[in-house]
Amino acid sequence: MIDSSPDSGLLANLNPPQHQAVTLPARSALILAGAGSGKTRVLTTRIAWLIATHQVSPHGILAVTFTNKAAKEMVTRLGALIPVNPRGMWIGTFHGLCNRLLRAHYKDAGLPQLFQILDSADQLSAIKRLLKNLNVDDEKFPPRELMHFINGHKEQGIRANRAEAWDDYTRRRVALYAEYEAQCQREGVVDFAELLLRCYELLSHNEPLRAHYQARFRHILVDEFQDTNRLQYAWLKLMAGFEQRATDAPPAAVFAVGDDDQSIYAFRGAEVGNMREFERDFAQETVIRLEQNYRSHGNILDAANALITRNRDRLGKTLWTDAGAGEPIRVYEGMSDLDEARFVVDEIRELVRDGTERSQIALLYRSNAQSRVLEHELFSHGVPYRVYGGLRFFERQEVKHALAYLRLIANPDDDTAFMRVVNFPTRGIGARSLEALQGVAHTTNSSLYNAAASLTGKAGTAVAAFIRLVESLRQETAGLPLPEAVEHVIERSTLRQHYLGEKEGQDRLENLDELINAAANFDREFAGGEITLDGTPVNGDDLGAVLAAFLQHASLEAGDHQAGAEEEAVQLMTVHAAKGLEFDVVFISGLEQGLFPHENAVMEEGGLEEERRLMYVAITRARKRLYLAHAQTRMLHGQTRYCLPSKFLEELPEELLARVNSVASRETAYPGWGVSSQSKWNSALPRSEGRGAGMTGATASATPAFAQEGPGKGLRIGQSVKHAKFGTGVIVAAEGRGSDARVQVNFSGVGVKWLALEYAKLEPV
DNA sequence: GACTAGCGTCTGTGG
DNA sequence: GACGCTAGTC
């Protein structure tokens, strides 16, 4: 029995608001937890306290997060706090928990026992296949857009039969949505959004089941509440019993932790408004603000606060810290993305030389595409690094191919898997045979596999050989342990042979080996009873069950922990991926108009504010040192773009910043540029920390050169100019001479314009 | 039916 | 700059 008095170990070292939050009575409460305010600590300590004081058994707790990482972290920390086996508890992501529920009640949910989960790539190819089967013009109905339409509706909890459509085009899309639903049902597959919607409907339509879970979960804890979408919100309401209560038990106490300033997932349906509605819908009694930041030095926090106060409609919260001001925030302007990368890598090497651990250095960017230059520079200087996100292990082509064979073994009706490997490696089954096959499948309302199997007598030997291959794979692997089954499939399908013959196949072969490794690890944990199919242990000797569990693991987990995760390496990731993490040193690169804030985002309603929150998240990742970098030119889509500094840079108080470009280096690089306009870029750092001319001078060749005679004298490509009507912009192109001379200028906010130099009065800035 | 050159699109973020 | 798709060729 654990002493639960306030000064016991469990509650020691909590600050007053944290303490209050942890020990709240069993009623719904909203915790506004600022960045670095000890949010995860409060969540896990709350669970431990509830259990230790016998207010609830581990059985009665449901804790929901968004990412696997957060769920794992919670489990680990909880295990360190109290002697309880957290594996039996319901702690997981929305998707993971819904999957667990659907597995446990697959019949009631109208699903096959071994239903497969489609990741977004699978979903897209399923949609493409659907459009093809229905002879729909995919130019009129772009698959990506349709996918967005379908997922958007599911995230609102709207099925095709209830979707609104006021015009023909939308009516058509709704019809396609319905067809897609039917196709998934036929194939026994479920996409990510479907996991949630299906689970919601299961509970909503099945009263005994609803009564069971509503009575069971007495405390529901939600992490990152600001990221919930409509469906997740409704799911919580239903689960907690604030909607359709089916039991005599009172509603659960919902402990929602969130930060409206860190809401960065509106693009996938998250509604910050859920935080405002929480009070009404969940009978919330208390709001607690966690505003003391334990992570960052003062200057970093001041910058974050200054930035975020520009957003409207905040719930209101100001972070403060006991820590000193610390170092100024370093701002670097590179001439090109390459120059920027060189600066970043140079600094990293110096930091590492001075004793900073590489894993304590994070390199953040707005979009994944930016990682390439940085990676290249890190690689060529031999700096170990690790990229998170981007192409994940289980999303790689070769891994997906191998998994598709395994999926066909587990479920022959999985048409997505069938199409992926029916002719890979090539075995003479072309578009023509497949079209015929799809026709048969369509008319007989059966899966492609069954259609193929029923036709093997007459439909040519290639298809028959494929069916025989899958059949023999199923038989040969039946008695094998999972890793051997995986290896066998890789060999017998001739996947390995295929990649052996490919010039660039080495990486792919290594990934296939890694897949066998992953299967071995998984099998070990499975056999140890640590992993189960639906929360209840399954017979580990049954390959079907192990395989199904492994496949669902592969679709719900990105495979982030695969290969080299523990290596001492610099961390590269998008700002989105960095949420919830912290590092001693953080670089934010690509702080340019159009990139961060992203040009697509600023067009959307509330888009700029979401970008600003994203910047806020990025800044607050840093503990001790923060670098902000931007470049004047950047390669994008294969061509050079001329960029203005991000407006977010202007929104930071100048006194917190130190411009680390030295005038001397820029003079070398840009002969003829006025020093006056550069004065504010002078270093505010002590001399020893300023950049020498040597480093940046080496990149002078990246400077675009364009000299113009006549009216535009002194203007160059890349030059910042001011126009009376359009404001400031950057010259991106020029043509003609004398009175015909025109320049193309990219104005911030206005866009790109061609201007005749004779008439437009452009002033160099 | 397999292979390849050329073209268009993409990179905006995730379970 | 990379990838997927298409048209053209073998």
Side-chain angles (χ1 to χ4, degrees), chain A residues 64-71 92-99 117-125 128 132 138-139 142-144 148 151 154-155 190-196 224 227-229 231-232 263-270 337 364-373 375-376 388-392 394-395 397 423-435 460 462-463 504 552-560 573-580 590 594-604 607 610-611 613-615 617-618 634-641:
Chain A
V64 200
T65 65
F66 275 84
T67 63
N68 290 309
K69 212 180 341 183
T93 62
F94 276 102
H95 294 88
L97 293 170
C98 287
N99 175 53
I117 300 166
L118 299 184
D119 65 21
S120 25
D122 295 330
Q123 188 185 16
L124 188 62
S125 63
K128 284 181 185 163
K132 208 160 199 175
D138 61 4
E139 297 210 345
R144 275 180 188 284
H148 195 73
N151 289 342
K154 288 190 179 185
E155 281 158 7
V190 164
D191 60 46
F192 283 135
E194 183 73 21
L195 280 174
L196 295 176
E224 308 279 15
D227 288 339
T228 52
N229 62 34
L231 179 58
Q232 286 155 342
S263 161
I264 54 174
Y265 284 107
F267 73 92
R268 59 175 201 210
D337 46 353
L364 309 184
Y365 33 81
R366 175 64 178 83
S367 59
N368 275 311
Q370 286 167 255
S371 75
R372 192 183 299 124
V373 202
E375 282 187 68
H376 184 266
Y388 288 82
L391 192 55
R392 303 216 173 95
F394 285 115
E395 288 172 355
Q397 184 206 99
N423 196 34
F424 192 97
T426 49
R427 47 175 71 87
I429 302 172
R432 222 160 242 274
S433 343
L434 286 177
E435 241 165 66
V463 174
E504 313 280 318
Q552 86 181 27
H553 166 80
S555 23
L556 285 176
E557 302 250 348
D560 275 347
M573 66 192 86
T574 63
V575 181
H576 281 90
K579 186 160 87 157
L595 192 61
F596 197 178
H598 196 277
E599 54 197 349
N600 294 358
V602 291
M603 313 293 264
E604 289 160 19
E610 173 137 327
E611 293 290 303
R613 288 192 293 269
L614 197 53
M615 180 68 185
V617 168
R634 183 173 296 275
M635 286 292 277
L636 211 68
H637 300 182
Q639 48 180 304
T640 306
R641 286 231 309 212

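Here is the naming used below: chain letters follow the sequence lines, and residue numbers restart at 1 for every chain.
Salt bridge annotation for Arg366(A)-Glu611(A): present, with a cationic side-chain nitrogen under 4.0 angstrom from a carboxylate oxygen. Checked for salt-bridge contact, Arg613(A) and Glu610(A) meet the test: a charged N lies under 4.0 Å from a carboxylate O.
One interatomic measurement links the two molecules: NZ of Lys579(A) to P of dG14(B), which rounds to 11 Å at whole-angstrom precision. Separating the CG atom of Leu124(A) from the P atom of dG14(B) is a distance of 17 Å, rounded to the nearest angstrom. The CG atom of Leu595(A) sits 10 Å away from the C1' atom of dG12(B) (whole-angstrom rounding). One can place OH of Tyr388(A) at 18 Å from C1' of dG15(B), the figure rounded to the nearest angstrom. Taking atom CD of residue Glu224(A) and atom P of nucleotide dG14(B), one finds them 14 Å apart after rounding to whole Å. If you take NE2 of His148(A) and P of dG15(B), they are 17 Å apart, rounded to a whole angstrom. The distance from atom CZ of Phe267(A) to atom P of dG14(B) is 6 Å, rounded to the nearest whole Å. Summarising the geometry, the separation between CG on Asn68(A) and P on dG15(B) is reported as 7 Å, rounded to the nearest angstrom.
In this structure, His576(A) and Tyr265(A) have tilted ring planes: the angle between them lies in the 30° to 60° band.
When the nucleotides dG15(B), dG14(B), dG12(B) are ranked by their closest atom to the side chain of His95(A), dG15(B) comes out on top. Checking dT13(B), dT11(B), dG1(B) against the side-chain heavy atoms of Arg144(A) singles out dT11(B) as nearest. With dT13(B), dG15(B), dG12(B) as the choices, the nucleotide that has an atom nearest any side-chain atom of Glu611(A) turns out to be dG12(B). For Arg268(A), the side-chain atoms get nearest to dG14(B) when compared with the rest of dG14(B), dG12(B), dG15(B).
No contact: Glu194(A) has no heavy atom under 4.0 Å from any strand. At the heavy-atom level, Phe66(A) lies under 4.0 Å from the strands shown only through sugar-phosphate atoms. Counting any heavy atom pair closer than 4.0 Å across all strands shown, Arg432(A) reaches sugar-phosphate atoms only and no base atom. If you check every strand for non-hydrogen atoms under 4.0 Å, His598(A) touches sugar and phosphate atoms only. At the heavy-atom level, Asn368(A) lies under 4.0 Å from the strands shown only through sugar-phosphate atoms.
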#### Entry: Sequence-aligned protein contact record of nucleotides 2-10 of chain C, with B where the base is within under 4.0 Å of a protein heavy atom and S where only the sugar-phosphate is
S--S-----
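The main-chain N or O of Asn229(A) is found under 3.5 Å from a side-chain atom of Gln232(A) such that the two form a donor-acceptor pair.
Under the salt bridge (Lys or Arg N to Asp or Glu O under 4.0 Å) criterion, Glu599(A) pairs with Arg641(A), sequence neighbours left out. Scored by the side chain to side chain contact (heavy atoms under 4.5 Å, CB included) test, Ala193(A) finds Asn151(A), Lys154(A), Asp191(A) as partners (sequence neighbours excluded). Residues satisfying the side-chain hydrogen bond (donor to acceptor under 3.5 Å, both in side chains) criterion with Arg427(A), sequence neighbours excluded, are Tyr405(A). Listed by chain and residue number, Thr65(A), Thr67(A), Asp223(A) satisfy the side chain to side chain contact (heavy atoms under 4.5 Å, CB included) test with Ala70(A) (two or more places apart in sequence, or in another chain).
Taking a centre distance below 5.5 Å and an interplanar angle below 30 degrees as the stacking criterion, Tyr265(A) does not stack against the six-membered base ring of dT13(B).
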### From CA spacing to verdict: salt bridge (charged side-chain N to carboxylate O under 4.0 Å, His left out), Arg372(A), Asp337(A)
CA-CA 10 Å; Arg372(A) 192 183 299 124; Asp337(A) 46 353; over 6 Å; no
Would you tabulate the nitrogen or oxygen pairs shorter than 3.5 Å linking the protein to nucleotides 2-5 of chain B?
unit_1 : atom_1 : unit_2    : atom_2 : d
dA2(B) : OP1    : Gly428(A) : N      : 2.8
dA2(B) : OP2    : Asn423(A) : ND2    : 3.4

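Between Ser120(A) and dG15(B), a side-chain N or O to OP1/OP2 separation shorter than 4.0 Å is absent.
Put simply, the residue from Leu195(A), Thr93(A), Val190(A) that forms a side chain to side chain contact (heavy atoms under 4.5 Å, CB included) with Asn99(A) is Leu195(A).
In this structure, Asn151(A) and Gln370(A) both approach DNA chain B, and ranking their closest nucleotides by distance from the 5' end singles out Gln370(A).
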